[in-house]
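Notes follow the structure.
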Amino acid sequence: QAQLVESGGGWVQAGGALRLSCAGFGRTFSSYTMGWFRQAPGEEREFAAAISWSGGTTRYADSVKGRFTISRDNAKNTVYLQMNSLKPEDTAVYYCAATQRAENWRSTKEYDYWGQGTQVTVSS
C-alpha cells in the first residue's frame, strides 16, 4: 500500500521554474519505482519522468528531456520533479505515481498508486 500527496504546483511565466514534490506514506516507499505523469484539459494522461527505487536510473519523455529532472530522497519518503525553462505546453495537472514492478515505466497502466495531482500553469 502507498499513499501519495503532490505539492508545489502553481502559476509561472514561460521560461520560469517550479519544483514539484510527492510525499509518500508507506513502510516500503524506498522499494517503489516512482513516476510523474501529466494531463492537460481534454488530453490523455502522459508520461513525463520516472526514477528507479535506488535513484540510479531515470527516464524522461522527449518533450521534457533536458528541462526536467526527477530525483528522490528515500530517507524523506519524497520524490521531486524540478521543472526548468517551462513552456505553455507544459500546462497540466501533474500526478505522482508508484509501482513496485513495471515493464514499461512510460505506461500509466503499470502504476498501482496515484496522487490527486497538482496544477501547473505556464503563461505565454
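Computed from a predicted model, the values in this text were never measured in an experiment.
Closest heavy-atom contact between Glu110 and Glu103: OE1-N, 3.6 Å. Of all heavy-atom pairs spanning Glu6 and Gly117, the tightest one is OE1-N, 2.9 Å. When all heavy atoms of Ile51 and Trp105 are compared, the pair lying nearest together is C-CZ3, 4.2 Å.
Two residues are said to be in side-chain contact when any heavy atoms from C-beta on lie closer than 4.5 Å; Thr33 and Tyr111 meet this criterion.
Trp53 CH2 to Arg101 CZ: the interatomic distance, rounded to the nearest 0.5 Å, is 14.0 Å. Rounded to the nearest 0.5 angstrom, Glu89 CD and Ser124 OG are separated by 10.0 Å. The distance from the CG atom of Asp112 to the OG1 atom of Thr99 is 4.5 Å, given to the nearest 0.5 Å.
More than 12 non-hydrogen atoms from other residues, nucleotides or ligands lie less than 6.0 angstrom from CH2 of Trp114.
With hydrogens and angles ignored, the 3.5 Å screen pairs no side-chain donor or acceptor of Tyr113 with any backbone N or O of Cys96. Gln116 places no side-chain N or O within 3.5 Å of a backbone atom of Val5 that could act as its donor or acceptor partner.
Taking hydrophobic clusters as Ile, Leu, Val, Met, Phe, Trp and Tyr residues chained together by side-chain heavy-atom distances below 4.5 Å, Phe37 does not share a cluster with Leu81. A continuous path of hydrophobic side-chain contacts links Val79 to Val120 [ILVMFWY only; heavy atoms under 4.5 Å]. A single hydrophobic cluster is seen to contain both Trp36 and Tyr32, as judged by linkage of ILVMFWY side chains at heavy-atom distances under 4.5 Å, directly or through other members.
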Validation: residues 9-23 side-chain donor-acceptor distances under 3.5 Å, sequence neighbours left out:
none

For residues 60-70, which side-chain donor-acceptor pairs fall under 3.5 Å, sequence neighbours excluded?
residue, atom, partner, partner atom, Å
Tyr60, OH, Ile70, N, 2.9
Asp62, OD1, Lys65, NZ, 3.3
Ser63, OG, Arg38, NH2, 3.3
Arg67, NH1, Ser85, O, 3.0
Arg67, NH1, Asp90, OD2, 2.8
Arg67, NH2, Ser63, O, 2.8
Arg67, NH2, Asp90, OD1, 3.0
Arg67, NH2, Asp90, OD2, 3.4

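Applying the side-chain hydrogen bond (donor to acceptor under 3.5 Å, both in side chains) test between Gln39 and each of Glu44, Glu46, Arg45 identifies Arg45 as the sole match.
Screening residues 72-82 for side-chain hydrogen bond (donor to acceptor under 3.5 Å, both in side chains) gives Arg72-Asn74, Gln82-Asn84 as the qualifying pairs, with residues at least two apart or on separate chains.
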